[in-house]
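A short worksheet on the structure shown next.
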Amino acid sequence: MNRPHRNPRPAGRRSRSLALALAAVLAAPVAWTAPAAAREAAYPFRDPALPVDARVDDLLGRLTLDEKVSLLHQYQPAIPRLGIGRFKTGTEALHGVAWSTDVHNAGAVVTAKGTVFPQSVGLGATWDPALLKRIGSAVGDEARGYNSENPDVWGLQLWAPVVNLLRDPRWGRNEEGYSEDPLLTGLLATAYGRGMQGDDPDRLKAAPVLKHYMANNNEIRRDQTSSSLRPRVLKEYDEVPFKIPLSRDAATGIMTSYNLVNGRPATVTPDAGGLVRSWSDRTLFNVTDAGGPNNLVNSQKYFPDLATADAAVVKAGVDSFTTDDTNSSITVKAIKDALARGLLAEADVDRAVGHILSVRVRLGEFDPGGGPYGKITKDVVDSPAHRALAREAAAEQMVLLKNQGKTLPLPSGKSSGKVAVVGPLSDTLYTDWYSGSLPYRVTPLDGIKKRASAVTSSEGVDRIALKDVKTGKYVAGGTGSGAVLKTGPASASDPAAQFDVFDWGQGVVTLRSAANGKTVGRYNWGDTFANDQAQPNDWFVQQMFKLEKQDDGDYLLRYAGYEKAYDWAEPAKTYVKAQDDGTLVLTTKDDAGRFAKDVVSSGVDAAVKAASAADTAVVVVGSMPFINGREDHDRTTMALAEGQSELIKAVRKANPNTVVVVENSYPTTLTWEQENVPAILWTSHAGAETGNALASILFGDESPSGKLPQTWYRSEKQLPDILEYDIIKSDRTYQYFKGKPLYPFGYGLSYTAFRYGKPRLSSHSVGRDGTVTVAVPVTNIGRKAGDEVVQLYTHQRTSRVKQPVKTLRAFDKVHVEPGRTATATLRLDASDLAIWDVTRNRWTVEKSKHDLLIGSSSADIRQRAALNVRGETIPDRDLSKPTRAADFDDQNGIELVDETKEKGDAVAGAANSWLKFAGADLGKATRTITARVAGTSAATIQVRLDRPDGPLAGTLDVPPTGDEYAYKEVSATLANARGDRDVYLVFTGETRLSSFSLTR
């Protein structure tokens, strides 16, 4: 399935014409008396007529070793003698140009104020690769625009998209991925990447980098946990969304992830220099995640020192070190130490620098005028065309989850009646960590006001005042830009003493000052607080509190900001008190002040009053992206905040015609809402145009067409532990899940209805290399035009291995006018049906019948067909050949680990754990087991037949080898091991097993 890797500059690769062209340029006389600019222009690496490889070779040959080493850090310095400027990797561009860091200001974050598109999970809900390409092109344009203004800050290597699969909806970074499905994710990433790159065959508008390689789907102990990936999960699931865009020339490299994979830190994955590069015909430029190299020595303790670690990074095939902010000297010293100690050769440095320079050449850096994209200026940022595209995307990603009795669409204009718009997200827009700043804001309330004849509103949050019980004075903030909080006012009626309480669940609230509309947070990382923030923000979120009611009715005010442990001086100071001068400061719980909470106005009462007097109530609830799960913080619940749930229930009781809009980044357990609320609409945090897009859906300007890109479960009880990565064994994602979800993968309602006609197959039988096309007529039987995502799933009826319940193979988004029929065209390559055969370590298409399941979601199958696939039958296992222990068919209690620090997988067993190798041909008599084992303690491995407690064929005594990487070959005799049997290796203690064989 994989194309062989092409080294970017191997000997003998270039054609004779290329070699002659380069030779002619090199032989040309150089006018050394000419001005410097003329001399620089004569260098072959500046000649756009030469092939990229020739230009890279020329430039690489002109660099000293010190200069080459300097280019390995994220902040690549200028080389004035060659006229080469600084180059900085890594502008964040997940759903618009987001932020970068300033080389002149110690890596300070600089946030873009451009077009913010919907969050990636929202873009995933569009199921629209064509739209994603247009968005990617806009993002590439804006990246160029910023770069034209300040290339030191806004680099053109863009760290996006994220293609990690949304395996577990509790993952804190769920908002960053497209979907739980590898095909959908891969195709959307391909479209986004192609858009960012531009359409020139040789030059790049921007250089997208895929994040994060790989199996990075938990934040808890993310730099220390290991994602245990059996080969089928690795090949059939986690690798796929990386392989698709790289094989289609839609990305220029990968970023390694923080976690370990099968016991080896991903920062030194050998895939970076091998497998990943084999997927692309282009030279890739791979980078580490921020701080990843240092983790190898510190939190992961994988290498003894930084020189050893950095050498391993380079040798693994990672080219650039994102570490130590702007201070490149630490990396430079470590690389030079590694060279001096023989851990690296200059050829290793040349290889990495060659990869870097290849992308820099393709970006047009050394072309006259910056190449074909060099004329793009800052004028493209937040252009009218990009605003229109953002509005289109925001509408297309919205998913209608319920619409009982045609509650939606709402009548507009004079027919709309009175609409109450309530809820904590009704009149605000939030951005996330990987978002740029909004240049303007159209909130849900703003959008609905433009369409309805009469609108009432309430944010549905309590307005309170906090009185210091000791002094009787109220806590107050400043007006204007805010001030340090102090006690002072004697009355709760003073606006300076009033705060709006926003409930984000599990007791966490934010306090917004009525005096200036600013959110309260810690002031300048000190012990005081101020009302000076536009919204909760920053890596260390400092705007979170808990109001802890005491038995006597008083409250303690607890500071609940993320990363309390980073308050190194006094980490126990998490409560608040008023000092003698009234200033609120952090203190210990024992010294905490006691506060009375006066409710100035009830949010629920205000919302109910507005809803009671309206014809329709729209309740806008959801998440705060910096609080409800984000990078470095997984969610511990999928429920709405308790206060938000109570608000919905109260409004629904007051007005039966209630519409709930859920604006968040994650699947949410809306079980009560699904049973009791007439209409529910979901949107991600969709950018400045959210309100306009929402109104266009609510009032029926267009029919909703979004489809869920991941399963919405009924509760956390339907999920295994977040660290369980074996989706096959644990029945994860829609592919293997056998329960009943709240909303299935691919689900989304419309304002119209579609009838699926009988599918027409180009063939009902196909060989392993063949292709079948499925044409499905789709008729709009409603009264409104609409878009339908026609989804093709397959299920393999017979197989040597456990097969998914269903797997998405193709989809087509078609627009259909009322009463008309459109044809969805779905292409299925037989090779798409291949499984990873662990018995032979290769892809194989099995001989089997496949059910073709065509529907509007993974659970709403409208049409079926059968396809006969003329594949092969996998033969019985031959365990007489050396067999990798990791190539098991099933396991219990086993952990996949690193065989060596450089490459290879092994298994780590413990007492009562086992491995299953199914369908082994043991012949007339198998007499010996020989195994490569390692470990620090003695153990045994039993060979049992048919089941874990089946007949004992023999016992392998495993001695301590002194080190987990010190393998030793041991053998044992077997008895009564014959015929076709399932072989189980049962561990009675801790040991590592690399490989084994059973000989006759």
Taking everything shown except Tyr523 itself, do over 12 heavy atoms lie less than 6.0 Å from its OH? no
Just checking, is any N or O donor in the side chain of Thr669 or Thr671 under 3.5 Å from an acceptor N or O on the other one? no
Using modelled atom types and a 3.5 Å cut-off, is there a donor and acceptor pairing between side-chain atoms of Thr510 and backbone atoms of Gln543? no
Any chance the rings of Phe737 and Tyr713 have centres within less than 6.0 Å? yes
Could I get the full list of side chain to side chain donor-acceptor pair (under 3.5 Å) partners for Tyr575, not counting sequence neighbours? Glu548
4.5 Å side-chain heavy-atom contact, Pro444 and Glu663: yes
Could you tell me how the ring of Phe529 sits relative to the ring of Tyr559: parallel (under 30°), tilted (30 to 60°) or perpendicular (over 60°)? tilted
Gap separating the OG atom of Ser684 from the NE2 atom of His95, nearest 0.5 angstrom: 8.0 Å
Do Thr443 and Asp427 get their side chains close enough for a donor-acceptor pair, meaning under 3.5 Å? yes
Report yes if the side chains of Asn164 and Trp171 come closer than 4.5 Å at any heavy-atom pair, otherwise no. yes
Assess the residue pair Arg732 and Tyr725 against the criterion (side chain to side chain donor-acceptor pair (under 3.5 Å)); give the C-alpha distance rounded to whole Å, side-chain angles, the decisive distance to 0.1 Å, and a yes or no. CA-CA 9 Å; Arg732 271 190 180 274; Tyr725 275 79; over 6 Å; no
Please report the closest heavy-atom contact between Ser696 and Ala395, naming both atoms and the distance. OG-CB, 3.9 Å
Is it true that the side chains of Glu176 and Ser120 contain a donor and an acceptor less than 3.5 Å apart? no
Within the 3.5 Å criterion, strictly below it, is a donor on Asn516 or Asn531 matched to an acceptor on the partner's side chain? yes
With a 4.5 Å heavy-atom cut-off, do Arg512 and Val520 have their side chains touching? no
Under 3.5 Å, is there a donor-acceptor pair between the side chain of Gln644 and the main chain of Asp503? yes
When the aromatic ring centroids of Trp525 and Phe540 are compared, is their separation below 6.0 Å? yes
Backbone N or O of Tyr666 within a donor-acceptor pair of the Thr668 side chain at under 3.5 Å? yes
Correct closest heavy-atom pair for Asn676 and Arg652 would be O-NE, 2.6 Å
Does any N or O in the side chain of Asn628 come within less than 3.5 Å of the main-chain N or O of Trp504, such that one atom is a donor and the other an acceptor? yes
For Phe545 together with Phe499, are the ring centres under 6.0 Å from each other? no
Is the backbone of Pro169 close enough, under 3.5 Å, to the side chain of Arg635 for a donor and an acceptor to pair up by distance? yes
Establish, from distance only, whether the side-chain atoms of Asp494 and Gln498 form a donor-acceptor pair under 3.5 Å. no
Just wondering, do Glu175 and Gln119 contact through their side chains at under 4.5 Å, heavy atoms? yes
Any donor-acceptor N/O pair, Thr637 side chain to Ala639 backbone, under 3.5 Å: yes
Of the non-hydrogen atoms in Leu425 and Ser623, which two are nearest, and what is the gap between them? CD2-O, 3.6 Å
Using every non-hydrogen atom in the two residues, find where Leu123 and Pro118 come nearest and quote the distance to one decimal. CG-O, 3.5 Å
Quick one: does Arg167's side chain have a donor or acceptor within less than 3.5 Å of a partner on Asn217's backbone? yes
Please walk me through it: do Tyr258 and Gln224 pass side chain to side chain donor-acceptor pair (under 3.5 Å)? CA-CA 8 Å; Tyr258 286 124; Gln224 298 172 56; over 6 Å; no
Any sub-3.5 Å donor-acceptor pair from Glu459's side-chain atoms to Val422's backbone N or O? no
Tell me, yes or no, whether the heavy-atom count around Lys609 atom NZ, taken from other residues, nucleotides or ligands under 6.0 Å, exceeds 12. no
Side-chain donor-acceptor contacts of residues 401-409 below 3.5 Å, not counting sequence neighbours, with atom names and distances?
unit_1, atom_1, unit_2, atom_2, d
Lys402, NZ, Gln404, OE1, 3.4
Lys402, NZ, Gln674, O, 2.5
Lys402, NZ, Val677, O, 3.0
Asn403, OD1, Thr407, N, 3.2
Asn403, OD1, Leu408, N, 2.8
Asn403, ND2, Leu408, O, 3.0
Thr407, OG1, Gln404, O, 2.7

For residues 467-485, the side chain to side chain donor-acceptor pair (under 3.5 Å) pairs (sequence neighbours left out) are Asp468-Thr471, Tyr474-Asp598
Checking Asn174 against Gln710 for the side chain to side chain donor-acceptor pair (under 3.5 Å) test, could you report, in this order, the C-alpha distance in whole Å, the side-chain angles of both residues, the deciding distance, and whether it holds? CA-CA 10 Å; Asn174 194 88; Gln710 60 187 133; 2.8 Å; yes
Verify the neighbour count for atom CG of Asp552: are there more than 12 heavy atoms of other residues, nucleotides or ligands below 6.0 Å? yes
Ring-face cation contact, Trp539 with Arg630, 6.0 Å cut, 45° max: yes
Considering non-hydrogen atoms only, spot the tightest contact between Pro720 and Ser730 and give its length. CG-CB, 4.1 Å
Heavy-atom closest pair, residues Leu640 and Leu670: CD1-CD2, 3.7 Å
With rounding to the nearest 0.5 angstrom, report the CG to CD1 distance, Asp168 to Ile722. 4.5 Å
Are Leu438 and Tyr430 side-chain neighbours, meaning at least one heavy-atom pair lies under 4.5 Å? no
Would you find a donor on one side and an acceptor on the other, under 3.5 Å apart, between the side chain of Asp591 and the backbone of Thr587? no
Taking Thr583 for the side chain and Gln579 for the main chain, is one N or O donor matched with an acceptor at less than 3.5 Å? no
